[in-house]
There are 2 protein chains.
Amino acid sequence: MEEHENSRCENCIIRQINSFKALKKEELKQMSDHKETRKVKKGEILFKEGERLSGVYCVRSGISKLSKLSDNGKDQIVKLAGKGEVLGQRSLITSEQTNLSATALEDMDVCYIPKNHIQESLMQNPVFTNTVLKRMASELKTADHTIVNMAQKSVRQRLARGLLYLGDSFGTDEDGFLYLQLSRSNLADIVGTATELLIRTLTKLKKEGAVSISGKRIKLEDKKLLYAIAEGI
Amino acid sequence: MEEHENSRCENCIIRQINSFKALKKEELKQMSDHKETRKVKKGEILFKEGERLSGVYCVRSGISKLSKLSDNGKDQIVKLAGKGEVLGQRSLITSEQTNLSATALEDMDVCYIPKNHIQESLMQNPVFTNTVLKRMASELKTADHTIVNMAQKSVRQRLARGLLYLGDSFGTDEDGFLYLQLSRSNLADIVGTATELLIRTLTKLKKEGAVSISGKRIKLEDKKLLYAIAEGI
DNA sequence: CGACGGTTTGACCAGTCTCAAATAAAGTGG
DNA sequence: CCACTTTATTTGAGACTGGTCAAACCGTCG
């Protein structure tokens, strides 16, 4: 029985945009033979903080949030991961439990890749290891940046930055609305505040003409203004 | 003229506690021949955010803060680096400017290692690369944790955690006082708050018997209590 | 229709920031 | 070593931001 082109890692377009592009043909072949494709529905959990993973997830389509529960019971979204991102890689590298939970914000297609393939390539393919290292170093940089934002900036500033980030990372639909439609509470969990305050702050931005809102959908009307707000008027 | 044992990387004890332990004898020899030892006085800056480094610093003694300036003009300390830490590695890996500034909090002895040695080893010694990768992954985990703390916890909670961190990382002197004596404003920059509020919060902790204070020196009197406070009473 | 979950609004309180001024400590030059 | 300058710490008061609770609202789905 013939496999479809798409289902082979060697032919997967996703590979072009993540560290897997550094893998050799032989490694990809191995990987492809043992991977499992999986569909994840919006709201489903890929893994929970504290779990031990036996592999990683490569996102083919859809968007997932990576979040961590604080002692006070609130979720903080640390990162959004879309097409091409590899989930679970960090904890695999340190052989620890995951420190974040991954939840689908949209229906997703992912590939599950058993960890031994990744680990072998890490040991034997220096180019791959270097690519992963670069990626990790780059994530660390943005994490440091986020720390400063969280510690030093107001909710208003963080919201402005968050909206710009959503626009840059996931784009807009034909009408200019943010492609990714987050619930208010998810948006609050990105900004790191309570839902109520998020709503009030968003409303202010609307009154000032920085954004417009239609139901769940948000449009960035004045990016310059948002940038100015984010940097602290 | 004979070199002292200590001045050779091959014999350096520091190496045992960082990624350089994964280097081969030959690499260490090369590195040692080209390194420069340097003394840095308290308050001096090793490098500033935005600079391009042509090497990394390996800390032999003393403690440095890694901080980032926010748009509002305030410094946020992202990390403290003591004996064995390698500064500037992240930006070297991504070939970018540094995203943090490094400032000595005490007199320091550091070794400056030109970047080409590190880069060569990253390309040619997979064990070394893997060690660096593990370290970076582990830093990313703590960074994620810090993000959540900054976003979700009160100044009181963050201070409690910060004090415990100082105790764990740098220990105490014979009287039980924190070894690292930070200025109030440095402490505030770790916690991510204004100096005034930091002082008030610290005073409260003292009244509650969690810490005692003598001048600049701080003693953790009741760690259990501090833990409880950090997790959110 | 009624129940449900997510959204919005109001009111209120607690937490945090800022400015200014008083005090203490640390340097500096004679 | 002292007198003086500068820097760090502490305290107070007031304004502002952000968090919480409760209730109203709305759209969806069974």
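Chain letters run A, B, ... following the sequence lines, proteins first, then strands; residues in each count from 1. Just so you know, these numbers come straight off a predicted model, no measurement behind them. Only heavy atoms go into these numbers, but all of them, side chains included; no hydrogens, no water, no symmetry mates.
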Rounding to an integer number of Å, can you tell me how far [X] [atom1] sits from [N] [atom2]?
X	N	atom1	atom2	value
B:Lys206	D:dT9	NZ	C1'	13 Å
B:Asn72	D:dC16	CG	C1'	16 Å
B:Gln157	C:dG15	CD	P	11 Å
A:Lys207	C:dT8	NZ	P	13 Å
B:Lys41	C:dG27	NZ	P	13 Å
A:Leu202	C:dG6	CG	C1'	15 Å
A:Leu197	D:dC16	CG	P	16 Å
B:Ile213	C:dA25	CD1	P	14 Å

Going by side chain to side chain donor-acceptor pair (under 3.5 Å), A:Asp109 matches just one of A:Arg38, A:Lys83, A:Lys39, A:Arg60. Which one?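 Single side chain to side chain donor-acceptor pair (under 3.5 Å) partner of A:Asp109 among A:Arg38, A:Lys83, A:Lys39, A:Arg60: A:Lys39.
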I'd like to know if [X] reaches the base of [N] with its side chain, counting only an N/O donor and acceptor under 3.5 Å.
X	N	value
A:Arg200	C:dG10	yes
B:Glu196	C:dC17	no
B:Arg184	D:dT7	no

Touch check for B:Lys74, heavy atoms < 4.0 angstrom, all strands: base, sugar-phosphate only, or nothing?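 The residue B:Lys74 makes sugar-phosphate contact but no base contact.
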For a quick check of understanding: with a heavy-atom distance under 4.0 Å over all strands, which category does A:Thr193 fall into, base, sugar-phosphate or nothing?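 It contacts sugar-phosphate atoms only.
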Parallel, tilted or perpendicular, judged at 30° and 60°: which one describes the rings of A:Phe47 and A:Tyr57?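 Answer is parallel, since the angle falls under 30°.
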Do B:Val86 and B:Ile118 come within less than 4.5 Å of each other through their side chains, counting heavy atoms only?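 Of all side-chain heavy-atom pairs linking B:Ile118 with B:Val86, none is under 4.5 Å.
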Will you find, in the side chains of A:Asn99 and A:Lys68, an N or O donor that is under 3.5 Å from an N or O acceptor?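 There is no such pair between these side chains.
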Sidechain-backbone polar pair: B:Thr98 side chain, B:Lys48 backbone, donor-acceptor under 3.5 Å: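 Flag set: sc B:Thr98 to bb B:Lys48 pair under 3.5 Å.
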Would you kindly compare A:Ala151 and A:Thr195 by the position of their nearest DNA chain C nucleotide and give the one closer to the 5′ end?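 Closer to the 5' end of DNA chain C: A:Thr195.
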To the side chain of B:Lys216, which of C:dT7, D:dT9, D:dG18 is closest?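 Minimum distance to the B:Lys216 side chain belongs to D:dT9.
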Which one, D:dG18, C:dT9, C:dG15, comes nearest to the side chain of A:Ile199?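 Nearest to the side chain of A:Ile199 among the choices is C:dT9.
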